[in-house]
Amino acid sequence: RVLPFIVFTTVIFAGSHFFVYFSTIKFFDISSQRVKTALLYLTILLLSSFIVTSIISHFWENIFTNFLYILSGLWMGLLLNLIMVSLVMWIIIGITRATNFNFDTFIFGSIFFLLAFSFSVYGIWNAYHPIVKNIEVKIKDLPKQWKDKTIVHISDVHLGKNNRASFLEKIVDMSNSVNPSAVFITGDLFDGLDGNLDR
């Protein structure tokens, strides 16, 4: 079970990187072999960065390895946004080809890639500046004892190499400020491979 999962994950992971690589070459009409080769090496470096930095920071944890780990994690976020804008671009290219409409992939590629980068920067800022968002939920046949209760939902805290105890204390204070009846933590509370939760 583990081996097929690893193979499947690796194929998806590598495929997503090379999808962005080939999309970049197409959108920006890159014909220089030197530039293509440089982009290929960069793609391979970025492809291996998260796995390598996870392993390195597991065995040698210091400011430098933690910094590399965080950088590779930021790349993962940007990659996801680049995949999404690339998919949209390919859909637009397909539509314009079918309708014989002129479409400047360089201009639109630049706009879309800039949007992906801007959205990633916003995502980073948003992750470090959590807010309390109030949502009223109506549930049919909810037991009487749960009516008008306040529930806190928390996810993606990423404690470990990225966020430390002070960040958790901030989240706890924000949660306690609304006096919740229950708190649900639904994923990515911890981050990293070492399993060391002492800190």
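- At distances below 3.5 Å, at least one donor-acceptor pair connects side-chain atoms of Thr65 with backbone N or O atoms of Trp60.
- Heavy-atom minimum distance, Ser181 versus Lys149: OG-CD, 3.3 Å.
- Residue-environment remark: OH (Tyr128) exceeds the threshold of 12 foreign heavy atoms within 6.0 Å.
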| said: Apply side-chain contact (heavy atoms from CB on, under 4.5 Å) to residues Ile83 and Val20 and explain how you reach the verdict. | reply: CA-CA 6 Å; Ile83 290 169; Val20 171; 3.8 Å; yes

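- Under the 30°/60° scheme for interplanar angles, the aromatic rings of Phe113 and Phe28 are found to stand perpendicular.
- For the atom pair CZ of Phe119 and CG of Leu115, the computed distance is 10.5 Å after rounding to the nearest 0.5 Å.
- Linking Ile, Leu, Val, Met, Phe, Trp and Tyr whenever their side-chain heavy atoms come within less than 4.5 Å leaves Leu68 and Met76 in two separate clusters.
- Under the 4.5 Å side-chain criterion, counting only non-hydrogen atoms from C-beta, Ser175 is in contact with Ile171.
- Rounded to the nearest 0.5 Å, atoms CG (Asp188) and CG (Asp156) are 4.5 Å apart.
- A distance of 11.5 Å separates OG of Ser118 from CD1 of Ile111, quoted to the nearest 0.5 Å.
- Using a 30° and 60° split on the angle between ring planes, Trp75 and His17 fall in the tilted class, from 30° to 60°.
- Tracing side-chain contacts under 4.5 Å through hydrophobic residues (I, L, V, M, F, W, Y), one never reaches Ile93 starting from Ile91; they form parts of separate clusters.
- In this structure, the side chain of Thr150 does not engage the main chain of Pro180 through any donor-acceptor pair within 3.5 Å.
- Atom CG in Leu42 sits 12.5 Å away from atom OG1 in Thr37 (nearest 0.5 Å).
- Ring pair Phe22/Phe18 is tilted by interplanar angle, where 30° to 60° counts as tilted.
- Linking Ile, Leu, Val, Met, Phe, Trp and Tyr whenever their side-chain heavy atoms come within less than 4.5 Å puts Ile51 and Leu47 in one cluster.
- Atom CG of Asp173 is surrounded by more than 12 heavy atoms from other residues, nucleotides or ligands within 6.0 Å.
- For the atom pair CZ (Phe67) and OG1 (Thr53), the distance works out to 11.5 Å, reported to the nearest 0.5 Å.
- Applying ring pair (Phe, Tyr, Trp, His ring centres under 6.0 Å) to Phe27 and the options Phe108, Trp90, Phe112, Phe106 leaves one that passes, Trp90.
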| request: Could you walk me through whether Leu87 and Phe19 pass side-chain contact (heavy atoms from CB on, under 4.5 Å), step by step? | output: CA-CA 9 Å; Leu87 284 170; Phe19 171 69; 3.8 Å; yes

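- Both Ile135 and Leu142 sit in one connected hydrophobic cluster of ILVMFWY residues. Membership requires side-chain heavy atoms under 4.5 Å apart, directly or through other members.
- Here the CD1-CE distance, from Ile154 to Met174, works out to 9.5 Å after rounding to the nearest 0.5 Å.
- A distance-only check finds no donor-acceptor pair linking the side chain of Tyr69 to the backbone of Ile55 [under 3.5 Å].
- With hydrophobic clusters built from ILVMFWY side chains whose heavy atoms lie under 4.5 angstrom apart, Val152 shares a cluster with Ile185.
- Side-chain atoms of Asn134 and Val132, non-hydrogen and from C-beta on, do get closer than 4.5 Å to each other.
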